[in-house]
**Q** 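Quick one: the structure is below, and I'll ask about it shortly.
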Amino acid sequence: MLKNEWIEKGFIDEPLPEGIDVKAEIRRLCKEKDAIILAHYYTTGDIQDIADFVGDSLALARKAAETDAKMMVMCGVHFMAETCKILSPEKTVLAPDLNAGCSLADSCKAEDLKKFKDEHPGYQVVSYVNTTAAVKALTDVVVTSGNAKKIIDSFPEDAKIIFGPDYNLGSYINSVTGREMLLWNGGCHVHERFSVGEIVKLMEEHPDAIVMAHLECKGPVLALADVVGSTAVMLKYAQAHPENEYIVATESGILHEMQRSCPDTSFYPVPPEVSEGSVGCQCNECEFMKMNSLLKIYNALKYEWPTVEVDEAVAKEAVKSINRMLELS
């Protein structure tokens, strides 16, 4: 039986027995329990190295929908584990740490979106994948940064659209499509921290470097970038052009896969803008993604907990918007 303090914490912190190889034990448990490990590019490199599949939100959703495994360990943040459960309700979905949330998902509460919808009859809702299951249940179609433009282009030109919760992504899509979608005022706390000033400093230090920026960054940051897109877009570009060097404005976890696939290429992560006198981490990392660890993965597999569950009625509605995304992508 799990200790009460583990349940309160949202993860199991039982230490490994001395001399145990945690990576080997994780792989053994995966084989024993017919489990796969899914990891986002923003998790730490050691997790990406032991994962069965590493990808961005769209790729992870597709993998969750198609896997034959009985159990999934979603190493990312909570909404990603919810998406796995919605797409594969018959499977066990584990989250190494239930506290791994998302500032962007938190910026759009289901009750607030419902009220906004009621105030704008005739509008369809397009929600970024970085949302809770309850928000997806109020959504007509989900998008990721990699497919947002394609999906918005599939709507009639006169369609009335509410886009949320990422204001920066929605603003970019409006600018490249000529749409006038109503935008929710939400954002990712990591990508909001990137600044023009920090990028210009790196450009002066590395004048030949290609600047890459995630679509969750602010407009002035995107305006400086040579390549704008999702993590998958940036990764593919670097793989196709390893002779270049790169300034990268997104969560620094992606640099692990970039460096692995392009070992001789130089990548320079953009630091966040730091105000004078600030304390704490002055890095472009998502502390929620970094809550995942090898020990938590091992314990989750060992005890088959914490599991992620989604209310059946919510899941029934949410899956419609996710499936529509997969159909249109």
Side-chain angles (χ1 to χ4, degrees), residues 56-62 65 79 83 86-87 102 104-105 107-188 191-192 212-234 236-237 249-250 316-329:
D56 63 1
S57 296
L58 176 58
L60 291 169
R62 284 176 170 156
F79 78 80
T83 301
I86 291 168
L87 289 169
C102 173
L104 184 51
S107 71
C108 183
K109 305 296 185 185
E111 57 268 28
D112 296 331
L113 177 60
K114 185 180 185 307
K115 180 181 177 182
F116 195 67
K117 282 183 65 176
D118 292 342
E119 293 170 351
H120 296 86
Y123 278 75
Q124 297 183 73
V125 176
V126 176
S127 291
Y128 197 25
V129 70
N130 297 44
T131 46
T132 64
V135 166
K136 290 182 175 72
L138 295 169
T139 296
D140 292 284
V141 59
V142 170
V143 300
T144 70
S145 53
N147 63 22
K149 181 181 182 300
K150 179 180 179 181
I151 289 177
I152 293 300
D153 282 340
S154 72
F155 280 75
E157 291 185 6
D158 60 350
K160 296 179 179 180
I161 300 172
I162 295 170
F163 185 96
D166 192 274
Y167 181 88
N168 293 330
L169 175 59
S171 180
Y172 173 81
I173 299 302
N174 272 347
S175 71
V176 296
T177 63
R179 303 270 182 169
E180 294 183 354
M181 300 185 296
L182 294 182
L183 306 181
W184 195 267
N185 190 24
C188 166
H191 292 93
E192 287 280 337
M212 299 198 291
H214 195 281
L215 290 171
E216 290 177 24
C217 295
K218 296 177 181 178
V221 170
L222 297 181
L224 283 178
D226 303 293
V227 178
V228 297
S230 65
T231 49
V233 166
M234 290 187 280
K236 288 177 183 177
Y237 188 93
T250 192
K316 183 178 179 180
E317 293 302 313
V319 75
K320 297 175 184 177
S321 61
I322 300 172
N323 282 336
R324 189 175 176 197
M325 173 189 72
L326 296 175
E327 291 166 3
L328 292 172
S329 298

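Keep in mind that this is a model prediction, so the values were computed, not measured.
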**Q** Within a strict 4.5 Å, meaning less than it, do heavy atoms of the Val142 and Arg324 side chains meet?
**A** no
**Q** So among Thr231, Thr83, Val129, which one has a side-chain contact (heavy atoms from CB on, under 4.5 Å) with Ser57?
**A** Val129
**Q** Check residues 143-151 and write down every donor-acceptor pair under 3.5 Å in which the side-chain atom is one partner and the other belongs to a residue at least two apart or another chain.
**A**
from: Thr144; atom 1: OG1; to: Gly146; atom 2: N; distance (Å): 3.2
from: Thr144; atom 1: OG1; to: Asn147; atom 2: N; distance (Å): 3.4
from: Thr144; atom 1: OG1; to: Asn147; atom 2: OD1; distance (Å): 3.4
from: Asn147; atom 1: OD1; to: Thr144; atom 2: N; distance (Å): 2.7
from: Asn147; atom 1: ND2; to: Ser329; atom 2: OG; distance (Å): 2.8
from: Lys149; atom 1: NZ; to: Asp153; atom 2: OD2; distance (Å): 2.7

**Q** Between Phe163 and Asn174, does the side-chain contact (heavy atoms from CB on, under 4.5 Å) criterion hold? Intermediate values first, please.
**A** CA-CA 10 Å; Phe163 185 96; Asn174 272 347; over 6 Å; no
**Q** Could you grab the distance from atom CZ of Arg62 to atom CG of Asp56, nearest 0.5 Å is fine?
**A** 8.5 Å
**Q** Specify the closest pair of heavy atoms between Met234 and Gly229, including all atoms of both residues, with the distance to one decimal.
**A** CE-O, 3.9 Å
**Q** Could you grab the distance from atom OH of Tyr167 to atom CD of Glu216, nearest 0.5 Å is fine?
**A** 15.5 Å
**Q** Is it the case that over 12 heavy atoms from other parts of the model lie below 6.0 angstrom from the CD atom of Glu180?
**A** no
**Q** Asp158: what forms a salt bridge (charged side-chain N to carboxylate O under 4.0 Å, His left out) with it, not counting sequence neighbours?
**A** none
**Q** Measure the spacing between CD1 of Ile161 and CD1 of Ile173 and express it to the nearest 0.5 Å.
**A** 10.5 Å
**Q** Do the rings of Trp184 and Phe116 sit parallel, tilted or perpendicular, given the 30° and 60° boundaries?
**A** perpendicular
**Q** Between Lys117 (side chain only) and Leu138 (backbone N and O only), is there a donor and an acceptor less than 3.5 Å apart?
**A** yes
**Q** List the atom pairs, with distances to 0.1 Å, where a side-chain N or O of residues 217-226 and a protein N or O form a donor-acceptor pair under 3.5 Å, not counting sequence neighbours.
**A**
from: Asp226; atom 1: OD2; to: Val211; atom 2: N; distance (Å): 2.8

**Q** State, yes or no, whether a side-chain contact exists between Leu328 and Val141 at a heavy-atom distance under 4.5 Å.
**A** yes
**Q** What I'd like to find out is whether the side chain of Leu87 reaches to under 4.5 Å of the side chain of Asn323, using heavy atoms alone.
**A** yes
**Q** Please report the interatomic distance CG(Leu215) to SG(Cys188), rounded to the nearest 0.5 Å.
**A** 12.5 Å
**Q** Under the side-chain hydrogen bond (donor to acceptor under 3.5 Å, both in side chains) criterion, do Ser321 and Thr139 qualify, and how do the steps go?
**A** CA-CA 6 Å; Ser321 61; Thr139 296; 5.2 Å; no
**Q** Taking the side chain as everything from C-beta on, heavy atoms only, tell me whether Ile152 gets closer than 4.5 Å to Arg179.
**A** yes
**Q** If every non-hydrogen atom of Ala61 is compared with every non-hydrogen atom of Met325, which pair is closest and at what distance?
**A** CB-CE, 4.5 Å
**Q** Taking the side chain as C-beta and beyond, is there a heavy-atom pair between Asp166 and Leu183 under 4.5 Å?
**A** no
**Q** Give me the atom names and distance for the closest heavy-atom approach of Glu192 to Gly187.
**A** OE2-CA, 4.0 Å
**Q** Show your reasoning for whether side-chain contact (heavy atoms from CB on, under 4.5 Å) applies to His120 and Leu182.
**A** CA-CA 10 Å; His120 296 86; Leu182 294 182; 3.4 Å; yes
**Q** Can you confirm whether Asn130 sits close enough to Phe79 that some side-chain heavy atom of one is under 4.5 Å from a side-chain heavy atom of the other?
**A** yes
**Q** For the pair Asp140 (side chain) and Val125 (backbone), establish whether a donor and an acceptor sit closer than 3.5 Å, ignoring hydrogens and angles.
**A** yes
**Q** So with a 6.0 Å cut-off around CD of Glu119, is the heavy-atom count from everything else above 12?
**A** yes
**Q** side-chain contact (heavy atoms from CB on, under 4.5 Å) between Thr131 and Leu104: does it pass, once the steps are laid out?
**A** CA-CA 7 Å; Thr131 46; Leu104 184 51; over 6 Å; no
**Q** How many angstroms lie between CZ in Phe155 and CD in Gln124, if you round to the nearest 0.5 Å?
**A** 4.5 Å
**Q** How far does OG of Ser127 sit from CG of Leu113, to the nearest 0.5 angstrom?
**A** 6.0 Å
